[in-house]
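Each remark here refers to the structure printed beneath this line.
Reminder, nothing fancy here: chain letters follow the sequence lines and each chain counts from 1.
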Amino acid sequence: MMMLPAHRKTVTLPDRAPTIMWFRDDLRLMDNPALCDAAARGPVICLYIHDPAFPLGGAEKWWLHGALTALDHDLGACGGRLWIMAGDSRENLSWLVGQTGAEGVVWNRRYGPHARQVDADIKAALKARGIDACSHPGNMLHEPWQVRTKQGTPFRVFTPWWRAVQAMGAPLPPLPAPVRTTFAPVPSAVADRLVAVPDLALLPVRPDWAGGLRGQWQPGEAAAHARLDSFVAEQVHGYATRRELPAQPATSGLSPYLRFGHVSARQIWHAVDATGQGDQDTACFLSEVGWRDFAQSTLFDFPDLGTTNLRSEFNGMPWRHDPAALRAWQAGKTGYPIIDAGMRELWHTGWMHNRVRMIVASFLTKHLLTDWRAGAAWFADTLVDADAASNPFNWQWVAGCGLDAAPYFRIFNPVSQGEKFDPAGEYVRKWVPEIARLPDKYIHAPWKAGSVAPAGYPPPIVDLAGGRARALAAWKSL
DNA sequence: AGTATCTTTGG
DNA sequence: CAAAGATAC
């Protein structure tokens, strides 16, 4: 018998069982703790499940289409792909584990009550089958339970909470994307169940209302970092004052990227920290990131945030039911330019400047005495950054029923707010072109222009003094 | 992260 | 009497 050559053949280990990386609100490759864990274990299956139990607004669906496309592309660049399934999360995961022989499932945490329930159910079901299920720090600076009062209770007020967060020092340093990841092949029985991004039918068809969104946004991790880098390099300077002016491009525009986890709060924190300038502008910007974390924490500790007044005395609030007024607010036809500009910016771009969000929310809940949940529902359907925590948190803040809320009597006057924060009327003229030719002195109160008042712009749908008095009377009745 | 109204101040 | 300050909602 002929002898084989003396060199040893490279030993091929039997294929290791794959680990499923379940992507949810963390659609990125960098600073992704669960993905790093999966890659370190062996072959990875990158999975996204489009689950109808987690309904999305129209603008979020539009974003998700781009986000999944970008993630699949980014995975393709490292030799992988995104496996997409549609339907119930528990059933799909359970089936996929059986088909692939996966030895583990990993994910980054989410903090909403339904999401936590689903994740806990899945973890229990997998463990019962002897399959490892491991959750990782999600998209916050710190996990909610890491920030507690001396008594061990949740903070209810932002400022002491934020002080405690700052005393904790730096959040976890961002992880790089895993290198030399191996990806598990798709078994043929699984291939039949996987769907492509277009199959999810996330984009609007007739009418196609997404033109303004396409013009404004590029979903995905690469675009998130381009925006973060340019913001930190060029725009943080002057942020504290310019951020209040909606006509200025002074805000970071990172909110939808955070919503979908194209960038993590930890990455933002460290990018700002790396500039070494601990000035008022960076402190102001980081505290805005802090408000996002505080909203997530509030949802974790008060799971009813999205549906129930955190101050229960508001349960007796005599909200008005006025569908015509709600429609006028939604359509940007209230007769108050700063309100209408904001609502049209929202409809057109899927986003609204923060200052204007507060003004339109105050107007709906106070002057129109409309339940904040109606406003939150509209925002959830139209914002690309709609978030299960931030959206209701901020509505409860404005309406006065949140824990650390604006006092109910803080009622924004849309005319004086417009004059203060859009003094030259630039923002209003951009979004409400039918009044663009009004002189500055009438730009926030067109009805005072008399004969110069343009036709085709509605008169105010509610009297400011009357609406304010009615809101204060309703509040006093509680 | 406010507004309206009243009081005081300073020219 | 306009502007700044104080106070209640």
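- For A/Asp281, there are no side chain to side chain donor-acceptor pair (under 3.5 Å) partners two or more places apart in sequence or in a different chain.
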Quick test: give all pairs of protein nitrogen or oxygen and nucleotides 2-6 of chain B nitrogen or oxygen below 3.5 Å, distance rounded to 0.1 Å.
residue	atom	partner	partner atom	Å
B/dG2	OP1	A/Arg355	NH1	3.4
B/dG2	O3'	A/Gln417	NE2	3.2
B/dG2	N2	A/Phe409	O	3.2
B/dT3	OP1	A/Asn413	N	3.3
B/dT3	OP1	A/Ser416	OG	3.4
B/dT3	OP1	A/Gln417	NE2	3.0
B/dA4	OP1	A/Asn413	ND2	3.1

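- Partners of A/Asn139 by side chain to side chain donor-acceptor pair (under 3.5 Å), not counting sequence neighbours, listed by chain and number: A/Arg28.
- With sequence neighbours left out, A/His348 forms a side-chain contact (heavy atoms from CB on, under 4.5 Å) with A/Trp431.
- Residues satisfying the salt bridge (Lys or Arg N to Asp or Glu O under 4.0 Å) criterion with A/Asp72, sequence neighbours excluded, are absent altogether.
- Protein atom CH2 of A/Trp475 is 6 Å distant from nucleotide atom C1' of C/dC9, rounded to whole Å.
- Shown here are the side chain to side chain donor-acceptor pair (under 3.5 Å) partners of A/Arg470, two or more places apart in sequence or in another chain: there are none.
- When the P atom of B/dA1 is taken as reference, atom CG of A/Asp404 falls 13 Å away, rounded to whole Å.
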